[in-house]
Amino acid sequence: MKVATSVEMRQIDALVMEDYGIPGAVLMESAGIEAASAVETLLARSGGKRVCVFSGKGNNGGDGFVVARRLANHGYKVQVCLTADISSLSGEALIYFTVLQKMGLDILEIAGERDWDKAGVAVSFADCLVDALLGTGLHGIPSERMVAAIDLMNSSGKPIIAVDIPSGVEADTGCVTRTAVKAAKTVTFGLPKPGLYLHPGAAYAGEVTVVDIGIPADLLQSRAIKQNTVTAEDVRSLLPLRAPDAHKGSCGRVGVIAGSQGMTGAAVLASTGALRSGAGLVTLGIAASLNPVLEVKLTEVMTCPWPENADGALGAKSVPYMDELAMQSDVTLIGPGLGRREETQTAIRQFIKEARRPLVIDADALTALSVDINILQQTEALAVLTPHPGEMAMLTGLTVEEISQDRLYVARQAAIDWASIVVLKGAGTVVAFPDGEVYLNSTGNPGMATGGTGDVLAGIIASFIAQGLSSHDAAVAGVYVHGLAGDIAADRGMIGMTAGDLAEAIPAAIHSLTKKA
Ligand SMILES: NC(=O)C1=CN([C@@H]2O[C@H](COP(=O)(O)OP(=O)(O)OC[C@H]3O[C@@H](n4cnc5c(N)ncnc54)[C@H](O)[C@@H]3O)[C@@H](O)[C@H]2O)[C@@H](O)CC1
Ligand SMILES: [K+]
């Protein structure tokens, strides 16, 4: 499904009105009806009948007025709290506000201290709160009045339904500059917004439901919208199918160049990630002195002991062996645990420069690239880069803070600049492509914040490429499956789960996606 920025949503809105002749009030009416229906569903469980609707002065507030009318018509006791002066209302919001006045609904225009006290009482009696303060029109830091309303709602402990996006969350980045509504559920209109998938916004949104408000499908599927989210359905259609007459040679060959003294685990996890996601054959190239360790740790993965330099690491002497492994493999994954010794880093750069077949570049190989990112322009190989924010900072020269403020933009720009596929890891992983297309992932959990899960992800993506997926599809499906495996592993305990647990859960994740209903 497409994901629309606030500007794109405004453009869609304008086209609906100008090209299709659907009045804005019709969209607002549909939006409000859908949000009201979510409130009714929520309250059906508890039998609650009191609702407090917080509205701002914009169209998000206007949606809230429709919610209030609908619920009042259905027998609910509704209190409207307006965090703006009535005189500032305009357009459709004013139309629907006037209807509420004519209906004689309880409306509290919050201006002074006594109004806040009244709002506090209304909230304390409410069974559910509706957040229609700020939507996609939020600019900058929420005003004091908005902050006070958000804090009042959050501190009530009452379930909150957010209209379009939790107030205080920036629709395009997911940033929360001061505070934001902590919603149980967000009902978003037409298309979801990036801030519902990017953190911290995603953590405020609760369960996200995308509702149809009558926007013509052509507009919602426009190729000009370059952000996407991935559903289980999408991933199911991408995953490799296993032919009845499959044999290990037909299920893809993955070459892995990983591991060094003290970091053999990274090589194990990357190789296991590849194997557990279905690769037919996985071959690990490793410094000769470490081979005995890996032979014991890995049963199904083949190992190649390669000549090493004086301190036992891969270096110039290993490059011909790397080239050979790459030629014999459908894809080569390079980087996890290789280390940052100068000679190893130089060898990595030389290998990438000369590579001709698909690559997955992770961890220490990203460090090697950060010295000379132009290598990506020189190699013939299409590369998937899998940086975490720290590695992205090294590659781009930005700070981790700058990256976290706009992950979508940073990943997209990097993919364009480097003509490579960029998987920016972290809560709400972003997969970006050189043509500007971006995918926002929704699977995964904080239990995955533990060493080695990134190695497993690199292995999954490499495995999917080896099994015949394009690097594009492998990156999108790989990130989703990785998060899903993390969710399955977390079902047995999120705190203390390991990267190994995640790798073990990959077959179950793939099975849950591919099994027949
Ligand atoms: N297709 C669409 O675009 C539709 C949009 N609708 C609603 O319209 C919303 C967007 O409406 P608007 O563009 O009017 O914007 P909003 O209603 O999201 O907010 C804009 C209002 O908030 C104020 N504001 C902005 N930043 C502020 C801050 N930091 N502190 C305090 N006040 C601030 C502005 O002065 C403005 O009055 C959507 O989120 C959605 O809820 C729906 O009515 C249905 C159709
Ligand atoms: K809102």
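Position 1 is the first residue of the sequence; numbering continues from there. Numbering of ligands and ligand atoms starts at 1, following listing order.
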Trace of the side-chain hydrogen bond (donor to acceptor under 3.5 Å, both in side chains) decision for Asp487 with Thr443: CA-CA 7 Å; Asp487 291 341; Thr443 55; 5.2 Å; no
Looking only at protein heavy atoms, identify the closest one to [atom] and say how far it is in Å.
atom                    : result
atom 30 (N) of ligand 1 : Ser143 N, 3.0 Å
atom 34 (C) of ligand 1 : Lys57 CE, 4.2 Å
atom 17 (O) of ligand 1 : Asn60 N, 2.9 Å
atom 25 (C) of ligand 1 : Gly137 O, 3.3 Å
atom 26 (N) of ligand 1 : His139 N, 3.0 Å
atom 23 (C) of ligand 1 : Leu134 CD2, 4.1 Å
atom 18 (O) of ligand 1 : Gly135 N, 2.6 Å

Which of these, Ile421, Val423, Leu333, sits in a side-chain contact (heavy atoms from CB on, under 4.5 Å) with Ile461?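 Result for side-chain contact (heavy atoms from CB on, under 4.5 Å) with Ile461: Val423.
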Is it true that Arg178 and Glu144 make a salt bridge, defined as a side-chain N closer than 4.0 Å to a carboxylate O?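 Here Arg178 pairs with Glu144 in a salt bridge, since their nearest N and O are under 4.0 Å apart.
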Residues Asp106 and Lys77 bridged, charged N to O under 4.0 Å: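 Yes, charged N to carboxylate O under 4.0 Å.
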Do Ser88 and Asp85 get their side chains close enough for a donor-acceptor pair, meaning under 3.5 Å?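 Ser88 vs Asp85: no donor-acceptor pair found between side chains.
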Ignoring hydrogens and geometry beyond distance, is a side-chain donor-acceptor pair present between Gln227 and Glu437 at under 3.5 Å?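 Their side chains do not contain a donor-acceptor pair, so the 3.5 Å distance test is not met.
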Counting only heavy atoms not in Glu113 (residues, nucleotides, ligands), do more than 12 fall under 6.0 Å from its CD?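 It does not: Glu113 CD has 12 such atoms or fewer within range.
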Under 4.5 Å between any side-chain heavy atoms of Ile416 and Pro434, yes or no?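 No, every pair of side-chain atoms sits at 4.5 Å or beyond.
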Using a distance threshold of 3.4 Å, what protein N/O/S atoms lie below it relative to the K ion (ligand 2)?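 Protein N, O or S atoms closer than 3.4 Å to the K ion (ligand 2): Asn60 OD1, Asp131 O, Asp131 OD2, Leu134 O, Val163 O, Ile165 O, Ser167 OG.
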Output all residues satisfying ring pair (Phe, Tyr, Trp, His ring centres under 6.0 Å) with Phe97, sequence neighbours left out; order by chain, then residue number.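 Listed in chain order: Phe65.
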Report yes or no: does a heavy atom of Ile12 sit under 4.0 Å from some atom of ligand 1?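 No, Ile12 has no heavy atom closer than 4.0 Å to ligand 1.
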Taking only non-hydrogen atoms of Pro142, do any sit less than 4.0 angstrom from ligand 1?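 Within the 4.0 Å threshold, so yes.
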Please list, in number order, the atoms of ligand 1 under 4.0 Å from a heavy atom of [X].
X      : value
Met146 : 31 (C)
Asp13  : 1 (N), 2 (C), 3 (O)
Met28  : 43 (O)
Met9   : 3 (O)

For a ring-ring contact (aromatic ring centres under 6.0 Å, His included) check, start with the C-alpha distance between His199 and Tyr204, then their side-chain angles and the critical distance, and finish with the verdict. CA-CA 9 Å; His199 284 262; Tyr204 286 83; 9.6 Å; no
Heavy-atom pairs closer than 4.0 Å: do any link ligand 1 to the side chain of [X], the backbone, both, or neither?
X      : value
Asp63  : side chain
Ile141 : backbone
Asp164 : side chain

How long is the span from the [atom1] atom in [X] to the [atom2] atom in [Y], to the nearest 0.5 Å?
X      : Y      : atom1 : atom2 : result
Asn60  : Ile165 : CG    : CD1   : 9.5 Å
Ser6   : Asp172 : OG    : CG    : 3.5 Å
Glu391 : Ile361 : CD    : CD1   : 12.0 Å

What do you think, any protein heavy atom under 4.0 angstrom from atom 5 (C) of ligand 1?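 Protein heavy atoms within 4.0 Å of atom 5 (C) of ligand 1 - there are none.
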Does any N or O of ligand 1 fall below 3.5 Å from an N or O anywhere on Thr136, backbone included?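 In this structure, Thr136 places an N or O atom under 3.5 Å from an N or O of ligand 1.
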Quick one: sort the Tyr439 and His472 rings into parallel, tilted or perpendicular, breaks at 30° and 60°.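 Because their plane-to-plane angle is over 60°, the rings of Tyr439 and His472 count as perpendicular.
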Per atom 44 (C) of ligand 1, closest listed option by heavy atom (Leu219, Val16, Ile213):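 When every heavy atom of Leu219, Val16, Ile213 is considered, Ile213 comes closest to atom 44 (C) of ligand 1.
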Among Asn59, Leu15, Leu27, whose heavy atom sits nearest atom 14 (O) of ligand 1?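 Nearest option to atom 14 (O) of ligand 1, by heavy atoms: Asn59.
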Verdict with supporting geometry, Thr173 and Asp406, side-chain hydrogen bond (donor to acceptor under 3.5 Å, both in side chains): CA-CA 5 Å; Thr173 63; Asp406 205 344; 5.8 Å; no
Shortest non-hydrogen contact from Ile141 to Thr177?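 Distance-wise, the nearest heavy atoms are CA-OG1, 3.8 Å.
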